[in-house]
Amino acid sequence: MKNKKNQVNEKSLFLVEDDDNFRNTLAIEFQDRGYQVYTASNLQEFRALNNRRFDFAIVDLKIPGTNGLNIIEEIMQKCPTCRVLVLTGYGSIASAVKALKIGAMDYITKPANLAQIERALLGSKSEPILANEQMIQEPTLAKQEREYIERILVESGGNISEAAKKLGIHRQSLQRKIRKFPPR
């Protein structure tokens with residue numbers, strides 16, 4: 001059992017990640033570093049824990065039942081002092097800009113090691129985290145198209161029909177393009 005002094009000084013972390021193995025590994029690693037960790041893998045689990053206040057939150061963008069941007073908005077409404085980090089395998093400039101506008105303090109793409117994640121979470125800028133090789137290379141036309149489509153999808157709230165209409169293409173064509181997007 002922990003003594004009261006440790007409980008008072010313990011930092012609370014809310015981890016919202018749909019990949020069970022990754023979520024559990026991160027939770028264990030952060031617990032070992034002195035964090036009190038609460039986890040959620042979907043919208044229902046998130047809402048069940050959303051009545052708590054957290055010092056930190058790590059949120060994935062791909063969450064069953066919603067997207068990470070909606071979760072960030074809910075966290076910021078409930079606890080505006082929470083330091084939110086987006087950690088995603090499907091990063092794009094559009095989603096990064098949106099996340100930062102709604103309150104996330106940093107945005108990093110997977111793969112990332114625990115030290116990078118914790119530095120970003122704590123706001124330490126000793127090492128550039130966003131400047132990985134993918135982001136500093138000249139973007140290809142396919143990558144620019146993908147980011148544009150993702151931005152329109154974010155603006156459309158994930159609604160494929162609405163996004164297709166904004167893009168001026170058929171809904172099925174948009175779905176085919178989305179399926180072609182390789183994970184980063």
Side-chain angles (χ1 to χ4, degrees), residues 1-50 52-76 78-137 150 181-184:
M1 183 169 194
K2 299 174 188 171
N3 63 34
K4 288 189 180 229
K5 184 177 180 184
N6 284 346
Q7 287 177 334
V8 171
N9 292 331
E10 200 168 65
K11 302 165 277 205
S12 59
L13 171 68
F14 195 6
L15 178 57
V16 186
E17 167 67 53
D18 66 330
D19 181 311
D20 293 336
N21 292 330
F22 186 66
R23 183 182 63 253
N24 293 335
T25 301
L26 271 183
I28 290 167
E29 291 291 338
F30 275 102
Q31 285 170 343
D32 289 347
R33 290 180 179 230
Y35 291 81
Q36 184 176 9
V37 180
Y38 300 88
T39 63
S41 64
N42 58 47
L43 182 61
Q44 293 76 26
E45 290 175 7
F46 164 74
R47 293 234 166 103
L49 290 171
N50 197 22
R52 297 181 177 269
R53 295 219 179 260
F54 299 95
D55 299 313
F56 305 97
I58 299 175
V59 180
D60 188 10
L61 289 182
K62 303 285 184 183
I63 301 297
T66 188
N67 70 50
L69 297 174
N70 294 335
I71 287 178
I72 293 168
E73 287 176 330
E74 287 188 40
I75 290 171
M76 297 311 296
K78 178 75 176 169
C79 186
T81 60
C82 183
R83 297 179 59 86
V84 178
L85 167 68
V86 174
L87 178 62
T88 184
Y90 300 94
S92 72
I93 293 171
S95 62
V97 169
K98 176 76 173 169
L100 295 173
K101 280 185 179 178
I102 61 176
M105 35 122 326
D106 210 336
Y107 181 106
I108 60 177
T109 56
K110 297 173 189 171
N113 65 41
L114 188 65
Q116 289 173 316
I117 295 168
E118 190 172 32
R119 272 196 307 273
L121 198 61
L122 297 174
S124 172
K125 299 297 182 188
S126 61
E127 178 183 320
I129 294 169
L130 288 174
N132 61 28
E133 290 179 22
Q134 287 181 341
M135 296 191 90
I136 57 176
Q137 289 178 352
E150 286 179 355
F181 291 159
R184 295 184 202 200

How long is the straight-line distance from [atom2] of [Y] back to [atom1] of [X], given to the nearest 0.5 Å?
{"X": "Arg83", "Y": "Asp55", "atom1": "CZ", "atom2": "CG", "result": "10.5 Å"}
{"X": "Ile28", "Y": "Arg23", "atom1": "CD1", "atom2": "CZ", "result": "11.0 Å"}
{"X": "Asp18", "Y": "Leu43", "atom1": "CG", "atom2": "CG", "result": "12.5 Å"}
{"X": "Met105", "Y": "Leu122", "atom1": "CE", "atom2": "CG", "result": "8.0 Å"}
{"X": "Asp106", "Y": "Leu121", "atom1": "CG", "atom2": "CG", "result": "9.5 Å"}
{"X": "Leu15", "Y": "Phe22", "atom1": "CG", "atom2": "CZ", "result": "8.0 Å"}

So, for [X] and [Y], which heavy atoms are closest and what is the spacing to 0.1 Å?
{"X": "Thr39", "Y": "Ala27", "value": "CG2-CB, 3.9 Å"}
{"X": "Ala104", "Y": "Ile72", "value": "N-CG2, 4.2 Å"}
{"X": "Pro64", "Y": "Ser41", "value": "CD-O, 3.4 Å"}

Applying side chain to side chain contact (heavy atoms under 4.5 Å, CB included), can you list everything that pairs with Ala112, at least two apart in sequence or on another chain?
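Residues passing side chain to side chain contact (heavy atoms under 4.5 Å, CB included) with Ala112: Leu87, Ile108, Gln116, Ile117.
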Side chain to side chain contact (heavy atoms under 4.5 Å, CB included) involving Asn67 - partner list, sequence neighbours excluded:
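Asn67 satisfies side chain to side chain contact (heavy atoms under 4.5 Å, CB included) with Leu69, Asn70 only.
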What I want to find out is whether Lys110 reaches Asp60 closely enough, with some N-O distance under 4.0 Å, to be called a salt bridge.
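A salt bridge links Lys110 with Asp60.
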I'd like to check [X] versus [Y] (side-chain heavy atoms, cut-off strictly below 4.5 Å). Are they in contact?
{"X": "Val84", "Y": "Phe14", "answer": "no"}
{"X": "Tyr107", "Y": "Leu61", "answer": "yes"}
{"X": "Thr88", "Y": "Ser95", "answer": "no"}
{"X": "Glu17", "Y": "Ile58", "answer": "no"}

Does anything in residues 29-40 form a salt bridge (charged side-chain N to carboxylate O under 4.0 Å, His left out)? List the pairs, not counting sequence neighbours.
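Sorted result for residues 29-40: Arg33-Glu118.
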Which class fits the ring pair Tyr35 and Phe56: parallel under 30°, tilted 30 to 60°, perpendicular over 60°?
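Plane angle over 60°, so perpendicular.
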Is a side-chain N or O of Arg47 found less than 3.5 angstrom from the main chain of Asn42, in a donor-acceptor match?
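Here the side-chain-to-backbone pair does not exist.
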